[in-house]
Amino acid sequence: MRIGYYPGCSLTSSAREYDESVRAVCEMLDLTLVEIPDWNCCGASSAHVAGAELALGLRARNLALAEAAGLDEILAPCAACFNRLASASVELADAPDKRQAVSEVIGMPYSGKVRVLNMLAVLERFKDQIAAKTEQSFRHKVACYYGCLLVRPTKVAQFDRVEDPQSMDQIMAATGAKPVRWSSKTECCGTGLSTITRTELVANLSGRIVADAAKREAVAIITACPMCQTNLDMRRPEINQKLQQKHRIPVLYVTQALGLAMGIDPQRLGLQRHMVPVELPEPEPEVVTTDDDDDED
Amino acid sequence: MDVLRNKARDLLAQGQVQVVIGYEAGTSGARRPSFARSEADAARLMWDADCVGNLAGYLTRPEIKKMGKAAIVANAATLRALLQLTAEHQLAEGAVLALVVTEEGAVLELSNAQAVTEQVATLPSSLSAADREKLERLMALSREERRAFWEQELQRCVKCYACRSSCPMCYCGSCTMDCNRPQWVPVASHELGNLEYHTVRAMHLAGRCVQCGECGRACPVGIPIHLLTCYAEESVRRQFGQPAGTSATLNYALGNFRPDDQESFIR
Amino acid sequence: MSRLGVFVCHCGENIGATVDVTEVAERCKHMSGVAHAEDYKYLCSNPGQNKIKQAIQEHQLDGVVVAACSPRMHEPTFRRAVSDAGLNAYMCEVANLREHCSWVHQKADSTTEKAVDLVRLQVEKVKRNKPLDTIQVPITRSALVIGGGIAGIQAALDIADSGHKVILVERSPALGGHMAQLSETFPTLDCSQCILTPRMVDVSRHPNITLLTYSEVEHVDGFIGNFKVAIRKRARMIDEELCTGCGECLQKCPTKNVIDSFNEGLSMRRAIYVPFAQAVPNIPVIDTEHCRRYQKKKCDRCAKACPTKAIKFDQKDEILNVEVGAIVVATGYQVMSTDRFPEYGYGTYPDVITGLQFERYASASGPTQGVIKRPSDGKEPETVVFLACSGSRDAAKGVKYCSKICCMYTAKHAMLLKHKNHNAKAYVFYMDIRAAGKNYDEFVRRAIEEDGVKYIRGRVSRIYEEDGKLIVKGADTLLGGEPVQIKADMVVLASAALPNHGQGELAQKLHVGTDPYGFVAEAHPKLRPVETTSAGIFLAGACQSPRDIPETVGQASAAAAKVTALLSRSHLAREPLVAEVNRRPAPEYSTCTGCLLCETACPYQAIGHEDIKDRNGNVLKTLAKINPGLCQGCGTCVSLCRTKAIDLHGYSNEQVFAEIMSL
Amino acid sequence: MADDVFEPKITAFVCNWCTYAGADLTGTSRLKYQSNVRIIRLPCTGRVDFMLIQKAFARGSDGVIVSGCHPNDCHYTSGNYHARRRWMVFNDLMEFMGLDMRRITFSWVSAAEGAKWATLVNEVTDHLRELGPYTEYQRLLNAGVA
Amino acid sequence: MPSCQVLRLLQYESSENDRRVLESESIWLCLSCDTCHSRCPQTINTPKVMYFLREESVRLGLAHPKSKDAQAFHKAFLGSIARHGRLHEIGMLMNYKFRTGHLLQDMTLGSKLYQKGKLELLPHGIEDKAAVKNLFKRTTGDKE
């Protein structure tokens, strides 16, 4: 099976390990990634400030390129890129006039056929294979953290349920992991534009998430978004300072976690690149559950 | 062929039926309807590829009804007509015995609607490939071209009503055309009247036409009017999926509806 | 040659201003068949009507066209006038010069021209009108009430008290509906059961009422005054004659884990059960879904226990066919369940409950004998948050409309909580407080001022669990949208009131319209609020839209009044504008070919068939036959008939044809 | 009005309960529209025989409006559904025979849509004014008796 | 000022209130997490509203002083894209620091990132840079 691939800027540098683990895991799942030729930045949240037209143009060019390359589905692992591209594809899907206008801007045709998928939507299709390919069962309590951009707004994401989403929990469960029930699944880590400009806000928001995860005794936070990963991992010093705590809970990309379960070499998954060292305890022992019979008196 | 003749002879001899409606040799190699009432008559019956006519129309004629129980040599279209007529309460269930000559030359006796329905289910649509192709060619034309085409054709109509009398579904005792209070359609044949007449005919056969093409064959001036009724029927099938002449129980597309019928032109 | 009279109305300035009325009258004089034409200021006035009557006498008119306002306005008026003058009422037609001409066009020749056309159109029609007599339909003088809640109970009692027979059908095993589930009622805080149970008993005792519980309407045929209804009486597996309601059987049932729907799932019941202690009738039902007898082919403990051998495991559903003259729909509502609220946890938090569930807790007859407890651990909650508008007024995730009862019952709930546990804290998140009604706002004020309920104006964005508490995150818009966070033990959703389940199917069976939300539609929002779009079918209570008890009871009595008015007559006069199959001399008998394609096209199943027989009884021809009692005159069959054998009185082929040709 | 502007002749078949009432509302709300349309009142769109439409054209109408209750709102519960089916076939057949379907307007106008009726009539009138007289049909008329 | 007040002020359609909104810091605080959007009973897309208000406030020169870092960030960001077609993080960060003068912010972090191989010294541009340049021209008119 093949699918279009849009790494996005951060996966080529600050989130390189995400890219590495995505490629490693997809290989294991026999999913061929066809990188969109000459893709450009989706514009993230900045493009909007310079005008909606530009924002749409930047996103549309990538869709058009994908279409030209004969790809009808593309995977955008970065949640931000996914959200941007998906909203563009939705916006253009049934608006011929808009497509016309944007085609002129980007100087190439786009017929509005391309569908954008996030990492989880793609992995969901491979649950069985994941379970099958799992070598050392990943029996850890994990906190599946979705953030904002994967599930919201429903019209754009068109995936999972907007509150208390389940897909990542199920994907992780397939490896034997025990996803904790927690309430910060879709709380915002504070990215938006503030990662660099308003670090104090970020520490505050991300802090709540880390604290909640720790409280539920998760040994790792699992995410599918570079922004979230960066904030929860890279900003950990600020967070701990803010919380007056020494939280050491690592933040893994869902693909890294799967990779480990599938027995892929940690180096290949880029675990060494994390700021918070990834050290997982011994997997919990397996508990055999028996279903109880119905009442007799 | 002999199998058919013998079968007919026996049926008549044993008095199971009083008349066998079938085909016999006509002038210049054509086939014409034949009404065998005696064992001798039975010898005239024929069956071959040229027996295309739809004989079902005769079944509803009083003079034929008078003859008593009838058997009919039936091709696909005739069978469909039988079902539709039964559905429309014009033939009592089992009132007619259908004789179908198989590829192998054997003769099947279909004595009830059930049997006919099953037989019909195995048959291809009556709409000939040639006619289907004509329909498509016409639809490919521009509206103006189509108008011109039908104007050309219909102005030649002399309102002889041969189409009407040949159509097995046109059994009505008094037709809209004969209604004079009010005079819906002018009696004389002129372009407007002709257009109205053929529209009415097509509309009245939409959801009822078994696409036998009898009207087209009957037209003395050779107007392909069967295309109109065939198209109307196709339209019904396409939009509502309720083909005529496939069941003996009433399922008239224009006498039913679905709340979610999809139409695009209503504002 | 007909002698028609045309009367053109000025309607003061309303028509006169843009149409040259005298000119119109003048031109009419010259229309063929018109014997007399005149114009007048106000034809609908008494003098105006008298002019028409006189003219009919003077000029021996045999038909009349009144050119005035919309026929939907004064057609009846003028037809009465015409018949007073000795002409058949249906020899009068109205040309709509006001709504369709003078009011919608500028003053111009073309406008007057149109007015003349509109009159000519009617002139040509009237020439072809035939005298018609109103159809007299006998009335079956009994009523069917669907739904045994307070609405149905009230309607049934009122109709029965007026001396008419009533059949009351209730889907569940007992009367009472939602009101039976309530604890106290606003604004008086009197106990719901205490005021309801006497009414339920009255119903069961009333000589004129036949009570059918555990029964549903299967099929409805017929029309006003003559409905034929098939009712499915579901098998209770109990012989109602033998059962004494002693309750022995209940104790013996081994299956104790069936969700109790009367307690809104807050408790368990047995497989054989009576919904609640005061149930009417006090006869148990066996729930075959859960009874071991049916699930595991074993156990007959209840049967063994029954002193009167009333338990009949092989009982079957019965179909009762009844005839009634009128129907009252009182099918009530249901509340949106908690799993419809994503941000409140999709119903995963046991301590997030609906208002109805709270009622059960607060009710003395409830699962906790009136002690407010929380489902998760049965502890008494210290802090309870109430969310008004849960699903209501929420176009995005819920319903657009206001559920109307929530503001009041939420205030009541908070109040009850405080009364039962003085240290408890009650918070109410609301968008607006809607407390219009007698003593309603006073009631809410009391909750706030005397009982110290904290009202917070704002919506709740999220609820989640933390250390056994429910964290309620919201905003206080009166503090400029400042975020509020409350650690609660229990959250009560005033969840939206929806049309009851099965409402849609029933509406179809009854041929009554519904609104976009699925509530039964009234015939007119202001002037005919308790009538449906189908004559003879009335409505009461929350099946029309959410409403409280006083309103429901009032409406039920109103519907009952309508029904008794209808049933007080022996016959019903109906407009004779119905379809008819033509007749011709033998041997044709009719142009109808008896193809009966029209049968399915009739929305009222009014078309059957008749056989023409000779004197030896041999069938000569079969024709379609239209029952004038059932026919409502839509004409769908008329336009379907290939031989024009069916025609519609008042809109006949000849009439309409002539109208077209007059243009 | 000036003689050079073409005034189309429009016949409207409307049901009594929705569109006729809707047109009444247009009046009571004093909304103005062009005066070319002549309304023929029928109980229900189910009563609209396609032959009536034919006859309207035969009588020289340049355009025809057929209008009734929205789906689900039919006073007779399903008359409009039956009507809709016939139009679906009629439309299709007319297309096939090459008739100018721009001349026929089907619409749902409820008793509450007085404004919609006004706009509908105006739009149809203007459109027909652009199209000009329905010569291709009226020519047949005048082709007269052979 | 919370978004509900922002919208309320706008509903007045009065220039004074509009100004108050455009000058406010609030419109720069939105993280476009879309939570409000997915909650709103009226499905109002608040982030989109905020984007628009930011554009306006910049266009009319009313932007809140505290927003200059954000603006600088966006300028740097867009600059990077305009030049390379993709984001070159170091270049962008440097650019940002010069624009804002936060020269020392995150210095240590930066080097850490570098050690972890998370920063690329040299930009990886796209082939068809012209395409993106034109895109910018056509939509914003400015060269950046």
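Here the structure is a predicted model, which is why all the values come from computation and not from measurement. Order of the sequence lines sets the chain letters (A, B, ...), proteins ahead of strands, with each chain counted from 1.
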Task: Modelled atom types, side-chain donor and acceptor of B:Gln155 and B:Glu151, under 3.5 Å - done: no
Open item on the list: Ring of D:Phe57, cation from D:Arg103 - is the NZ or CZ under 6.0 Å from the centre and inside 45° of the axis?
Closed with: no
Open item on the list: Could you report the tightest heavy-atom contact between D:Cys15 and D:Cys69, atom names first, then the distance?
Closed with: SG-SG, 3.5 Å
Task: Heavy-atom side-chain contact between D:Pro71 and D:Trp108 under 4.5 Å - done: yes
- [ ] With a 4.5 Å cut-off on heavy-atom pairs, point out which of B:Glu234, B:His198, B:Met203, B:Arg258 contacts chain D the most.
- [x] B:Met203
Task: Contacting region of D:Asn91 [heavy-atom separation from chain B under 4.5 Å] - done: side chain
- [ ] Look at D:Arg84, D:Met94, D:Met101, D:Arg86 and state which one has the largest set of heavy-atom pairs under 4.5 Å with chain B.
- [x] D:Arg84
TODO: Against chain B, label D:Asn80 side chain, backbone, both or neither, depending on which of its atoms sit under 4.5 Å from a heavy atom there.
DONE: neither
Task: Structural part of D:Thr105 lying under 4.5 Å from a heavy atom of chain B - done: side chain
Task: Interchain contact, D:Phe50 with chain B, by part (heavy-atom threshold 4.5 Å) - done: side chain
Task: Salt bridge B:Arg143-D:Glu136, side-chain N to carboxylate O under 4.0 Å - done: yes
Task: Short N-O contact, B:Glu133 and B:Arg137, less than 4.0 angstrom - done: yes
Task: Interface moiety of D:Glu123 toward chain B, non-hydrogen atoms closer than 4.5 Å - done: side chain
